[in-house]
Undergrad: 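Supplied in C-alpha cells, the structure appears directly below.
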Protein chains: 2
Amino acid sequence: MPPRGRRPVGGPDPREQILTAAAELFSELGFERTTMRAVAARADVDAALIHHYFVNKEGLLSAALVMPVDAGVLLAGLDQDPEHAGEAVVRRVLGLWEGDPETRRRLLGLIRVGLSHDYAAGVLRDLLGRTILTALGRVVPDDHRALRAALVGTQMGGLLLGRYVLGIPAVRDAPPEQLVAAIGPVVQHYLTGAIGGAPAASINQPHGTA
Amino acid sequence: MPPRGRRPVGGPDPREQILTAAAELFSELGFERTTMRAVAARADVDAALIHHYFVNKEGLLSAALVMPVDAGVLLAGLDQDPEHAGEAVVRRVLGLWEGDPETRRRLLGLIRVGLSHDYAAGVLRDLLGRTILTALGRVVPDDHRALRAALVGTQMGGLLLGRYVLGIPAVRDAPPEQLVAAIGPVVQHYLTGAIGGAPAASINQPHGTA
DNA sequence: GATCCATGTCAACGCTTGATGAATTGGGTG
DNA sequence: CACCCAATTCATCAAGCGTTGACATGGATC
C-alpha cells in the first residue's frame, strides 16, 4: 500500500488502471456482481479514488464501457461485392472477436452488462439496431430496410450469444470459416433475399450442392 | 401481519405463493437484484420462511426456475411435413411466447437469469443445444446434426433476445407471421440445407480491420 | 519558496443483504 | 388430552455494499 497523498511521477496512470480493471471485471461478472472494492483492488488503488474520477458506479460503467469498434468501419465497403456481403459480415464480426483479446473482452462485457443493466442495454440495442442499419444501408434494398437490418442483428447476436456467452459446444468449437459458410448465406438472405410475402423464399447456395 | 406460529388452514399455500413471487421477481430483475425480502413481501410471508423451505437463495432459484415447456412436445411431429419444418419451428416458438403470459414470463425469466447466473446458464445452454437437438432429431440429416441444431438455437435465441429482451423495434413490433415468413426459411436452411464445406469467396477488408 | 489544486489514502458511516436461532402456534397422532 | 413436529414469525447477526469527508502529499504557478 503506497503512502498517502499524490504519488511521485513515473508509475502507471491510476486512472487508466481503474478503467482497465473495471472493464475486465464488468465483462466477467456483469454490473451488480462487480464491486467498487474489487475494481480498486485490481487497479491497486483506494476505492475512494474511483469516486474521485468517476463519481458513481454508473459513471465508472459509462466510462469503461466504450464501444470498442466502429460498426461503420467494420462493415464498410460491403456494397463492392454485394453478392458475398453476407459472408463478409459474418467473417468480419467473427474476425473481430477472434482477434484482439482486449476487444473481445470489451465486447463480451458489453453484452454481459447490457443484459443486466439498462444503460448498457441501450448501447446494445443501438448497436444491433440503428448502427447496423446505417452501416448496411447501401447493401440493403429499400423495402423492409429496418427489418432486414434487425434480422441480421438477431442472427449475429444469437451467434455471439451461443459462441461466446453461453458456450454451446457445437457453436463454440466450430472453426470460424465453417460458421461463415453456414451463416453467411443466411445473412445474405436477410440482406437481399425475399422477405415476407414473397413465395418460395429459398436460400440458394452459391456453390450449388444439395 | 399474521401472528406467529402455524397458520390456520384454509388460506392460500404460502409455499406456492413464494414460488410464484420468486418466479415473477427473478424474471423481472434477474438473480442479483431480486432480494429475499422482496420475494417475501410479495408472497406476504416472512423472509425466514423462504429459507425454511428452500434453504438458499440458489435453492429458491432452482425451485422457481422450472422449464415451462417440454421442447420435445413443442417440436413434435415436425417430420410429418419436413419441407415446412422451419416455418413450423418459428411459428410454434413465437406462438408459445405470444400465448400464455405466465409461460412468457417464465421463459423471459429463464433467459434473464440464465445470462447472469451460472446455474440457469446451464439450463439455457441445455435448452438451446441438447434439447433442441433431440427434439429435431428426425428432421435433421445425420451430417452436422449437432451443428445444425445449434445453429437453429442461435437464430431462435437471437430472435427471442431481440424481440423480448432487448426490444429492438423492427423485431419487437413485427407481426408474428411476418417473422415466420422471414425467419422460417432460414431455420429450414439450417435443418436441411447445405451447410459448410463449400469454399467461401472472400471479400476485401477495408482499412485493415481484422 | 509560498500557495493552490489535483491526486491519493484513510476511516468510517448508513444501509442492505442473506442467513440464523429462538420463540410460538396449530395440526396430526397415539 | 398429551405429545410431537411442521409451519411461521421475530429479532438479530455478520458481512458487504456504495459512498463520503477529512486529511496528506506532490507538482505547478507566480
Undergrad: According to ring-ring contact (aromatic ring centres under 6.0 Å, His included), does anything in residues 112-141 of chain B pair up with another residue at least two apart or in another chain? List the pairs.
TA: B:Phe31-B:His117
Undergrad: Just jot down the salt bridge (charged side-chain N to carboxylate O under 4.0 Å, His left out) partners of A:Asp70, sequence neighbours excluded, or say none.
TA: none
Undergrad: Looking at residues at least two apart in the chain, or sitting in another chain, which of them share a side chain to side chain donor-acceptor pair (under 3.5 Å) with A:Thr134?
TA: none
Undergrad: Quick test of your reading: applying side-chain hydrogen bond (donor to acceptor under 3.5 Å, both in side chains), list the pairs with at least one residue in residues 157-177 of chain B, sequence neighbours left out, ordered by first then second residue.
TA: B:Arg91-B:Glu177, B:Glu98-B:Arg163, B:Glu98-B:Tyr164
Undergrad: Five pairs at each end of the helix from C:dG1-D:dC30 to C:dG30-D:dC1: take the axis at both ends and give me the angle between them to 10°.
TA: 0°
Undergrad: Whole angstroms only, please: what is the CD-P distance between A:Gln17 and C:dG8?
TA: 10 Å
Undergrad: Atom CG of B:Leu49 and atom P of C:dT25: how far apart are they, to the nearest Å?
TA: 17 Å
Undergrad: Between D:dC17 atom P and A:Ile50 atom CD1, what is the distance in whole Å?
TA: 12 Å
Undergrad: List in chain and number order the residues that pass side-chain contact (heavy atoms from CB on, under 4.5 Å) with A:Asp143, two or more places apart in sequence or in another chain; answer none if no residue qualifies.
TA: A:Pro141, A:Arg148
Undergrad: Send over the distance from B:Asp46 CG to C:dT25 C1', rounded to a whole Å.
TA: 14 Å
Undergrad: So, using side-chain contact (heavy atoms from CB on, under 4.5 Å) as the criterion, who are the partners of A:Ala135 when residues are at least two apart?
TA: A:Leu75
Undergrad: If only side-chain N and O atoms of B:His52 are considered, is one of them under 4.0 Å from the OP1 or OP2 phosphate oxygen of D:dT8?
TA: no
Undergrad: Please list, chain by chain and in numerical order, all residues satisfying salt bridge (charged side-chain N to carboxylate O under 4.0 Å, His left out) with B:Arg15, sequence neighbours excluded.
TA: none
Undergrad: Please give, in whole Å, the distance from C:dT20 C1' to B:His51 NE2?
TA: 9 Å
Undergrad: Name the one of B:Val93, B:Ile183, B:Val187 that satisfies side-chain contact (heavy atoms from CB on, under 4.5 Å) with B:Leu159?
TA: B:Ile183
Undergrad: Pull out every residue in residues 21-41 of chain B that has a heavy atom closer than 4.0 Å to any atom of DNA chain C, ordered by number, or say none.
TA: B:Thr34, B:Thr35, B:Met36, B:Arg37
Undergrad: Do any side-chain nitrogens or oxygens of B:Tyr53 fall under 4.0 Å of OP1 or OP2 in D:dT8?
TA: yes
Undergrad: How many whole angstroms separate atom CZ of B:Arg15 from atom P of D:dA6?
TA: 14 Å
Undergrad: Using a heavy-atom distance cut-off of less than 4.0 Å, which residues of residues 54-64 of chain B contact DNA chain C?
TA: B:Asn56, B:Lys57
Undergrad: Can you name the salt bridge (charged side-chain N to carboxylate O under 4.0 Å, His left out) partners of B:Arg106, sequence neighbours left out?
TA: B:Glu102
Undergrad: Could you tell me if the side chain of A:Leu160 sits less than 4.5 Å from the side chain of A:Val165, heavy atoms only?
TA: no
Undergrad: Taking salt bridge (charged side-chain N to carboxylate O under 4.0 Å, His left out) as the cut-off, I'd like each qualifying pair that reaches into residues 111-124 of chain A, sequence neighbours left out, listed once.
TA: none
